[in-house]
Amino acid sequence: MRPTATAAAPALGAPAERLEGRDKVTGTARYATELAHTPPDCAYAWPVPATVARGRVTAIDTGDALATPGALAVLTPWTAPRLAAPDDPVLAVLQDDAVPHRGWYVALAVADTLEAARATAAAVRVGYATEPHDVTLTEDHPAAYTPDEANGGFPARRTRGDVDEAFAAAPVGVDVTYRTPPLHNHPMEPHAAYARWDGTGSADHLTVYDSSQGAGPVRSVLAHMFRLPEDRVTVVSEHVGGGFGAKGTPRPHVVLAAMAARHTGRPVKLALPRKDLATVVGHRAPTIQRVRLAAERDGTLTAVAHEVTTQTSRIKEFVEQAGIPSRVMYASPHALSDHRVVRLDVPSPSWMRAPGEASGMYALESAMDELAGALGMDPVELRIRNEPATEPDSGLPFSSRHLVECLREGARRFGWHDRDPRPAARRPGPKGQVLTGTGVAAATYPVLISPSTATATALPDGSCAVDVNATDIGTGARTVLAQIAADALGVPLGSVRIGIGSTRRPRAPLAGGSSGTASWGWAVHEACTRLARRMTDHQGPLPAEGLSASADTTEEAGSTPAFARHAFGAHFAEVRVDTATGEVRVLRLLGVYAAGRILNPRTARSQFIGGMTMGLGMALTEHSAVDPAFGDFAERDLASYHVPAHADVPDVEAHWIEEEDPHLNPMGSKGIGEIGIVGTAAAIGNAVHHATGVRFRELPLTPDRVLPLLS
């Protein structure tokens, strides 16, 4: 029997349910350290974090720790296996006695049970030689410097024309500074790994189950650090309980688990404590952003300047690219975008959902709202007035750009034009204690595509097996890839079996940058298209092993496009502000997106709404601060770091326009995982200004920050 076409509705574009949905809600989907990977001799590890902000480890007393019942070992900088130096210094754990920041791991306890491992770690005694530390980012920090690049490989500084001269000559302008705090990813499943060594000597093989957004990069790093060929390392990341960028690159836990397994000769599990995530798996760096906008009286922009100051750690340069969105959004003859960074004694910042865009668009879109107020102009119309014909920074034509349509459709759906534009004019209720307001912001996110490989096999039982080392971090990737395969093969969705999440499968990039479906899907589409042709040419029954085809998109997806490729969107928010308490509540959120062809409306809407909800948290509740005395984040768990709860998330709508873009990939799709967060915080902040008449320029808008300015 061979797969055959069906008269059923096309798979691609249908709102198919998640293929793994039932497994997840019934508990049969197994994550990195769950019971499916627990052999009888499994051991458990627990890390010991540094308790000083900067210095060196001078001594570690493990006597009491090793006397703990069930203790197997305590790895220290002097007893841990010596590894090859990684490209990412964050992974060089237990390799020397340096303490670059508080929370850096200085030892690892291993025991028979999880409880024993925790007790063993608690009994470790560490001595330090401390050094002076600095953990405070300031706008005029004397150590600030301009790096060569911002994150993503962008030039740190770009200029066009003369911003200062244009600003001085402009009849209308704004010059404002916005601040965003450190933010943390906090996926539901913490970073966790199971590691096992098999064989001896030249036959050593390392198998790891890791909570990661990409099994391939984890394998490459482990192979390098443990001096193994990559074919002797297997990494599995089949089910991942969220990542939001924190699992986008290998993290210390997986190195520690592999070290402990090698040291003890037993399989080892290590799940990081929630309280450690703030310091060892990256965070969104705080920013101080000065935005200057100059305009003619009709709203035409003459200059856009976006200057960012942010922080990085002593051991690694990671520069939040918050100024990059201003190079994309609006036409102006004069422009400046600049990044400065300060090395501090803090944990290394890293990827967090829409890095650069989430922070940068908050500042840019808030400033656009302030400019609209200075002009007495509708904020939607101001954005439309400054729509560029080509990408402002590069001059490249857009592959597609339907921001104006998103703004107009969003305004129509939201009822924008019925608003009273006057700030602090709406006071529902008999006492006028509550103020309401509405706000708008635009959004953009780049289209990123990486080379990938995939195989597709038609089997005699009528099914098709598709294999690609993709990672589903909760986005519905399995389902959409199966839809792409079914569409290319012309078969029912139910006849496609998708295999992902293992380095045993064909090479593929990690899940990040909203690039997964576009990258993996291209390879799946090509493999299935080739398989369909082979099946047409094949005569007779299929062989027992099936009929296969493969694809490698290195040449096509790896080429430099001749277009500026971005997704766009418009966010609208309605808020309520209680003048007696300073509490801000969001009443409505509405987003309209131009994100290419929507491959699955059900999973797409879920991604858009998820991003908007995360943006709500960024605007109203989420923040972190570094204690200047102890050098540690004060908010280290979900009791103190407040992500939105159900009661915080009101009516949220996500819509999109039909967008045809032939310059992307065979599916015509753009990434959707991140654009939902990009403009949300600015839309909420602009709505709070409309409600109160007060402009708040620092997130989040918590009652302690709002109330004092309402009196």
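Each residue takes its place number in the sequence, starting with 1.
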Heavy-atom distance under 4.5 Å between the side chains of [X] and [Y], does that happen here?
{"X": "T312", "Y": "P349", "result": "yes"}
{"X": "N469", "Y": "T503", "result": "yes"}
{"X": "L108", "Y": "P47", "result": "yes"}
{"X": "V480", "Y": "W520", "result": "no"}
{"X": "M259", "Y": "L94", "result": "yes"}
{"X": "D210", "Y": "H253", "result": "yes"}
{"X": "V208", "Y": "L222", "result": "yes"}
{"X": "E17", "Y": "T479", "result": "no"}

Would a distance-only check, ignoring hydrogens and angles, find a side-chain to backbone donor-acceptor pair under 3.5 Å from [X] to [Y]?
{"X": "S313", "Y": "K316", "answer": "yes"}
{"X": "R251", "Y": "V90", "answer": "no"}
{"X": "R353", "Y": "F244", "answer": "no"}
{"X": "T621", "Y": "H642", "answer": "yes"}

query: Looking at H186, H184, E622, which one forms a side chain to side chain donor-acceptor pair (under 3.5 Å) with Y641?
result: E622
Distance-only donor-acceptor check, side chains [X] and [Y], under 3.5 Å:
{"X": "E189", "Y": "S211", "value": "yes"}
{"X": "H101", "Y": "T279", "value": "no"}
{"X": "S502", "Y": "E238", "value": "no"}
{"X": "T457", "Y": "S548", "value": "yes"}

field: CZ (R30) with more than 12 external heavy atoms under 6.0 Å
entry: yes
- request: Please check if atom CD in E545 has more than 12 non-hydrogen atoms from other residues, nucleotides or ligands closer than 6.0 Å.
  value: yes
- request: Can you run down the salt bridge (Lys or Arg N to Asp or Glu O under 4.0 Å) pairs that involve residues 263-278, sequence neighbours left out, and say none if there aren't any?
  value: D112-R266
Does the distance from a Lys or Arg side-chain N to an Asp or Glu carboxylate O, for [X] and [Y], drop under 4.0 Å?
{"X": "D134", "Y": "R343", "value": "no"}
{"X": "R125", "Y": "D61", "value": "no"}
{"X": "R232", "Y": "D204", "value": "no"}

Distance, nearest 0.5 Å, that separates CG of L206 from CZ of R219: 11.5 Å
message: Once rounded to the nearest 0.5 Å, what's the spacing between atom CZ of R504 and atom OG1 of T207?
response: 6.0 Å
- prompt: Are T28 and D23 close enough, and set up right, to give a side chain to side chain donor-acceptor pair (under 3.5 Å), and what steps lead you there?
  reply: CA-CA 5 Å; T28 56; D23 290 340; 3.1 Å; yes
- request: Describe, in one word, how the ring planes of Y194 and H37 are oriented to each other, choosing from parallel (under 30°), tilted (30 to 60°) and perpendicular (over 60°).
  value: tilted
- request: Go through the steps for N185 and L277 under the test side-chain contact (heavy atoms from CB on, under 4.5 Å), then give the verdict.
  value: CA-CA 8 Å; N185 309 62; L277 298 191; over 6 Å; no
- request: Show your reasoning for whether side-chain contact (heavy atoms from CB on, under 4.5 Å) applies to Y209 and T33.
  value: CA-CA 7 Å; Y209 288 78; T33 59; over 6 Å; no
message: Evaluate S348 against I315 for side-chain contact (heavy atoms from CB on, under 4.5 Å), listing each step before the verdict.
response: CA-CA 7 Å; S348 297; I315 64 172; 3.7 Å; yes
Chi angles and distances behind the side-chain contact (heavy atoms from CB on, under 4.5 Å) call for S212, T471: CA-CA 8 Å; S212 168; T471 311; over 6 Å; no
